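Convention: sequence-line order gives letters A, B, ...; per-chain numbering from 1. Bear in mind that the values here come from a model prediction, so they are computed numbers and not experimental data.
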There are 2 protein chains.
Amino acid sequence: METQKPRGGPPSTAVTLVEVARLAGVSTSAVSRTFTPGASVAEKTRARVLEAARKLGYRPNAIARTLSTRKSRIIAVVVSYLQNQFYPTIIEKLSQSLQAHGYHLLLFISNDAAATDDDIDSLLLDILQYQVDGIVLASAMLSSSLAAHCHAASIPVVLFNRVSAVKDVSTVVSDNVEGGRLAARLLLQSGAERIGFIAGLEDSSTSQERERGFVDELARHGRPLFVRGTGQYDFEAAAAVTRELFSRDEKPDALFVGNDHMAFAVLDALRNELGLAVPEDVQVVGFDNVPQAAWGGYQLTTIEQNADLMTQATVSILLERISSGVRMGAGHVTTPVTVVHRATTRKATKAESAAPR
Amino acid sequence: METQKPRGGPPSTAVTLVEVARLAGVSTSAVSRTFTPGASVAEKTRARVLEAARKLGYRPNAIARTLSTRKSRIIAVVVSYLQNQFYPTIIEKLSQSLQAHGYHLLLFISNDAAATDDDIDSLLLDILQYQVDGIVLASAMLSSSLAAHCHAASIPVVLFNRVSAVKDVSTVVSDNVEGGRLAARLLLQSGAERIGFIAGLEDSSTSQERERGFVDELARHGRPLFVRGTGQYDFEAAAAVTRELFSRDEKPDALFVGNDHMAFAVLDALRNELGLAVPEDVQVVGFDNVPQAAWGGYQLTTIEQNADLMTQATVSILLERISSGVRMGAGHVTTPVTVVHRATTRKATKAESAAPR
DNA sequence: TTGTACGCGTTATCAT
DNA sequence: ATGATAACGCGTACAA
């Protein structure tokens, strides 16, 4: 026999404050205070309340609390595509850090590099309905109308790895321009002759900045960009453009690829389809922060964004804004990038493998 | 000049139904109905309401609606570690599919393979506070006490890629036992002699099932397992155990690795630290569903879980349970696994690269 | 079709 | 320290 349903109304009824209060023989406020960390309750009543709550299997209703306090302790995170392993990493770190502060993540995937402004706007409106305490935009551009909405609702927004024309929005970015410069220097000093660049999405600020730094630095050394293609941060597109670049008579001998995700595709195409050796025939420099696990030891030098610094900055800006009630403005953080050399993959010769260790 | 704050109360005040109603000169219910898809409102009043709402920048408060309707349209998803690219993929698909049905994802990361039962319990209690409409557990075990809680709250739970001793919980898994069998057959028919297995977490059902199928099939062919190690689904641990297995006199010539994530580590260790060629010296079979992008063309055969089928099953079970009000029970779905051969990576010879195409 | 009034579960205010 | 009561913003019988 199951417990009987109270009445014919709602399908099921949760245990509420009121019932706990009744069983404990106290007022609802006493119960509320018992479950409010900083409140003052007599030890005796507190015990009675907890006992009653335990008996009834009571747990506070965060939704009702939100309605009353106007704090949901929910942070919305908008991400475009999780194929680029940089973002799962970020999400994981964000979640850990925010959970430690009692916040939770409401996740939104804004698919499609081809999402229209309206799509994004409606998504944001969707988010706002949930009365989130903050928003991390790691995906789309923020239209000024949306910024206005967030401003009106006084919701802190942090643009993650994106910049926007809208003023007064906090942003956390890594130094993509300097990253591009670093990539150029690496290739130049390794003696590359015909240096190419494979861009991400053309209207993406990260791609633009990386290209700018890269081309600038080449120019400072009196070297032009030998060839340029667009991979749209997409695996297939990057592979396709690689094939195309190498179908010409004059082939590049070095490539700076807009992010790791595309770099995989480029390496794949180079080695398996075009039969070129990396780095002997072509050198490749990638850009992003894919966990080592995904690399499998490929020969590749990468410009890494520091995921820890970026999430840390994001969280601190967010929390500070939330607690201070400051809407928007300032809070622009640029984290440095790092050059990381990955291990070389070579097929070992029998002689080598025979040698101890 | 900005709009003036209403009063000294809460820091900011959102636009509500009431204000819209007042401006439109109608009742609050009229406004409510206007924003309720299937309601009956006169076209004329609807227009007035929408106009007023637009002017005031009104958007419905999902939290208040939840309190009233007892439907949050939020699904909690619990994942352990996002380093294994299988899970970002799942999350992305889940999110897309559920968003299409008007649901949103509240994401929880239950870090640490070493999380205690209590950790998980408190996390779940945390989740329950948000009155989620459903839970996807892709990470932790479900204790029977938790199951009882969910049952009491009448919240549908789907165990994703996990099995539990608790009865009457919906589960969606791929056929890990058959996957293990497939792996064994592949290695046997390729002439492997000394076949090893690297397990994931010892208490993980997926790892146990894969091993069971693998060992069973070997036994059916009169072959014992040559060697066994544990990688704990961790990159470093997998690399370490690989080094150890190959430091002995008798080295395996084939390995079945519990998932792709560890397979990367194994390949890395084999090729770069131990100087062994894959697949010439050692054959490796992986298990999971990492996007092609991450592979970079490694020689590896993988047993793939079908992410699409699994999410599809998860969503349909969830939605069906939610709408029907059925708490738990039945709903066990096992999706088939597939064998996928990845492209071979070889360093091209000069002769090859000179040849056209 | 439209409006009134109450309930959803909790917190905050103000007495006591 | 404790208790009564009014919000919080919205859905929804129910009555008109």
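Annotation: side chain to side chain donor-acceptor pair (under 3.5 Å) contacts involving residues 38-51 of chain A, sequence neighbours excluded, comprise A:Glu51-A:Arg54. The ring-ring contact (aromatic ring centres under 6.0 Å, His included) contacts involving residues 34-60 of chain B comprise B:Phe35-B:Tyr58, where partners must be two or more places apart or lie in separate chains.
Of the listed nucleotides (C:dT10, C:dT2, D:dA1), C:dT10 has the atom at the smallest distance from the side chain of A:Leu17.
Remark on the helix from C:dT1-D:dA16 to C:dT16-D:dA1: inter-end axis angle 30°, axes from five-pair C1' superpositions, rounded to 10°.
A:Phe35 places its CZ atom 13 Å from the C1' atom of C:dG9, with the value rounded to the nearest Å. The NZ-C1' distance, from B:Lys44 to C:dT2, rounds to 13 Å in whole Å. With rounding to whole Å, B:Glu43 atom CD is found 15 Å from C:dT2 atom C1'. Taking atom OH on B:Tyr130 and atom P on C:dT10, their separation rounds to 14 Å, with Å as the unit. Separating the CZ atom of A:Arg22 from the P atom of D:dG3 is a distance of 15 Å, rounded to the nearest angstrom. In this structure, B:Gln131 places its CD atom 19 Å from P of D:dG9, rounding to the nearest Å.
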All N/O contacts under 3.5 Å from nucleotides 3-5 of chain C to the protein, with atom names and distances to one decimal?
{"unit_1": "C:dG3", "atom_1": "OP2", "unit_2": "B:Ser27", "atom_2": "N", "d": "3.0"}
{"unit_1": "C:dG3", "atom_1": "OP2", "unit_2": "B:Ser27", "atom_2": "OG", "d": "3.2"}
{"unit_1": "C:dG3", "atom_1": "N7", "unit_2": "B:Ser29", "atom_2": "OG", "d": "3.2"}
{"unit_1": "C:dG3", "atom_1": "N7", "unit_2": "B:Arg33", "atom_2": "NH2", "d": "2.8"}
{"unit_1": "C:dT4", "atom_1": "O4", "unit_2": "B:Ser29", "atom_2": "OG", "d": "3.2"}

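Residues of residues 52-69 of chain B having a heavy atom closer than 4.0 Å to DNA chain D, listed by number: B:Tyr58, B:Pro60, B:Asn61, B:Ala64, B:Arg65, B:Ser68, B:Thr69.
Taking the side chain to side chain donor-acceptor pair (under 3.5 Å) definition, one finds that B:Ser29 meets it with B:Ser27, sequence neighbours left out. By the side-chain contact (heavy atoms from CB on, under 4.5 Å) test, A:Val333 is found to be paired with A:Val172, A:Ala313, A:Ile317, A:Thr335, residues two or more places apart in sequence or in another chain being considered. Every ring-ring contact (aromatic ring centres under 6.0 Å, His included) that B:Phe108 has, sequence neighbours left out, goes to A:His104. Here B:Leu23 pairs with B:Ala52, B:Lys55, B:Leu56 under the side-chain contact (heavy atoms from CB on, under 4.5 Å) rule; sequence neighbours left out. For A:Gln99, the side chain to side chain donor-acceptor pair (under 3.5 Å) criterion is met by A:Ser95, not counting sequence neighbours. In this view, A:Tyr103 satisfies the ring-ring contact (aromatic ring centres under 6.0 Å, His included) rule with no residue, not counting sequence neighbours. For A:Asp133, the side chain to side chain donor-acceptor pair (under 3.5 Å) test picks out A:Ser72, with sequence neighbours left out.
Ring geometry for A:Phe86 versus A:Phe160: interplanar angle of 30 to 60°, hence tilted.
Counting non-hydrogen atoms under 4.0 angstrom, A:Val41 reaches the backbone sugars and phosphates but no base.
Atoms CD and CG, from A:Glu92 and A:Leu105 in turn, are 11.5 Å apart once rounded to the nearest 0.5 Å.
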